[in-house]
Protein chains: 2
Amino acid sequence: MVEFHVDRGSGFPAYLQLGQQVREAMRLGWLQPGDRLPTVRDVVATSGVNANTVLKAYRELELAGLVEARQGSGTFVKGTLGSAAPEVLDPLREGLAKWVAEARSAGLEDEDIYALLREVLSGGAQ
Amino acid sequence: MVEFHVDRGSGFPAYLQLGQQVREAMRLGWLQPGDRLPTVRDVVATSGVNANTVLKAYRELELAGLVEARQGSGTFVKGTLGSAAPEVLDPLREGLAKWVAEARSAGLEDEDIYALLREVLSGGAQ
DNA sequence: TCTATTGTCCTAGTTCACTAGAACAATCTG
DNA sequence: CAGATTGTTCTAGTGAACTAGGACAATAGA
């Protein structure tokens with residue numbers, strides 16, 4: 001089961017945070033087709049956001065074809081995202097963890113690491 | 001000189017995007033103490049956001065002690081962020097680029113890569 | 001069938017990001 | 001000094017995000 005963590009006051013919309021967390025869990029293989037998302041009321045109780053906000057997040061995921069809402073029973077993962085095959089991800093994760101350890105021992109903070117990745121992904125100096 | 005790229009419609013506030021881009025440029029060593037940020041009017045002309053929005057971004061950076069606004073002459077980088085020594089960053093960037101190439105040839109999209117990094121940084125399975 | 005659970009809708013209202021446009025104030029340059 | 005450039009302030013308004021609270025509808029399970 002996925003556990004949502006909504007950071008109010010971070011500036012960006014709660015419904016986007018929820019959506020992103022679902023997508024991310026799908027990419028990492030934590031959520032697979034058929035899995036059930038937390039109940040709207042669950043999320044309300046857990047994260048403190050309003051039911052309409054949760055609904056908005058879920059509706060966007062549904063529009064994107066990623067989940068399917070079934071009244072009375074819950075919201076279920078329907079599609080797939082990314083190439084979340086564990087046999088592909090696992091070795092990559094290991095390699096990344098190694099690099100991260102290196103970066104951290106060189107004194108880099110998490111934000112430095114994110115910045116560096118964004119730079120590399122967007123093609124260097126641009 | 002830093003070039004801003006504001007993605008309207010991405011959902012999160014323009015002033016946060018501007019602030020983040022300055023912080024990131026500082027982390028990567030593109031902006032160093034004494035460097036001048038683009039003029040408020042420059043950013044307005046370039047990115048299309050309103051002057052007040054740019055001002056809000058700059059004011060937040062100033063409150064954080066990262067920049068200093070001097071009326072009549074511009075806004076200048078004051079503090080430092082991260083450990084942006086090139087002799088430290090360069091080899092790390094190289095190693096990361098290598099890993100990214102590997103991940104991409106394994107079929108991962110950028111979003112997969114971000115998700116994986118977030119997972120690793122937050123300490124694995126959490 | 002009855003009941004609990006779930007998603008869904010509705011109305012009303014508040015807060016905040018952002019826009020628009022104008023004016024002022026300090027600094028630099030010639 | 002004069003003019004251009006820069007940051008700064010102000011007022012007014014729009015739209016979106018979010019809250020609050022209630023009600024309805026479909027499904028699952030006993």
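Naming convention: chains lettered A, B, ... in sequence-line order (proteins, then strands); numbering from 1 in each chain. Note that the structure is a prediction, hence the values are computed from the model and not measured.
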May I ask you to test the B:V77-B:M26 pair for a side-chain heavy-atom distance under 4.5 Å?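 The answer is yes; the side chains approach within 4.5 Å.
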Do A:L121 and B:Y114 come within less than 4.5 Å of each other through their side chains, counting heavy atoms only? yes
When you measure from the side chain of B:N52, which nucleotide among D:dT19, C:dG21, C:dA26 comes out closest? C:dG21
For a quick test of reading the model: is some side-chain N or O of [X] closer than 4.0 Å to OP1 or OP2 of [N]?
X	N	result
B:T39	D:dT6	yes
B:T53	C:dT19	yes
A:R8	D:dT19	yes

If you look at every strand shown and take non-hydrogen atoms under 4.0 Å, does [X] touch a base, only sugar-phosphate, or nothing?
X	result
B:A51	nothing
B:Y15	sugar-phosphate
A:R59	sugar-phosphate

Roughly, in whole Å, what's the span from [atom1] in [X] to [atom2] in [N]?
X	N	atom1	atom2	result
B:D42	D:dA4	CG	C1'	14 Å
A:L16	D:dA16	CG	P	14 Å
B:N50	D:dG13	CG	P	16 Å

Might you work through the salt bridge (Lys or Arg N to Asp or Glu O under 4.0 Å) test for A:E119 and B:R93, ending with a clear yes or no? CA-CA 9 Å; A:E119 187 191 11; B:R93 172 167 25 227; 2.5 Å; yes
I want to confirm an ordering. Mapping B:R41 and B:Q17 to their closest nucleotides on DNA chain C, which one lands closer to the 5' end?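 Closest to the 5' end, via its nearest nucleotide, is B:Q17.
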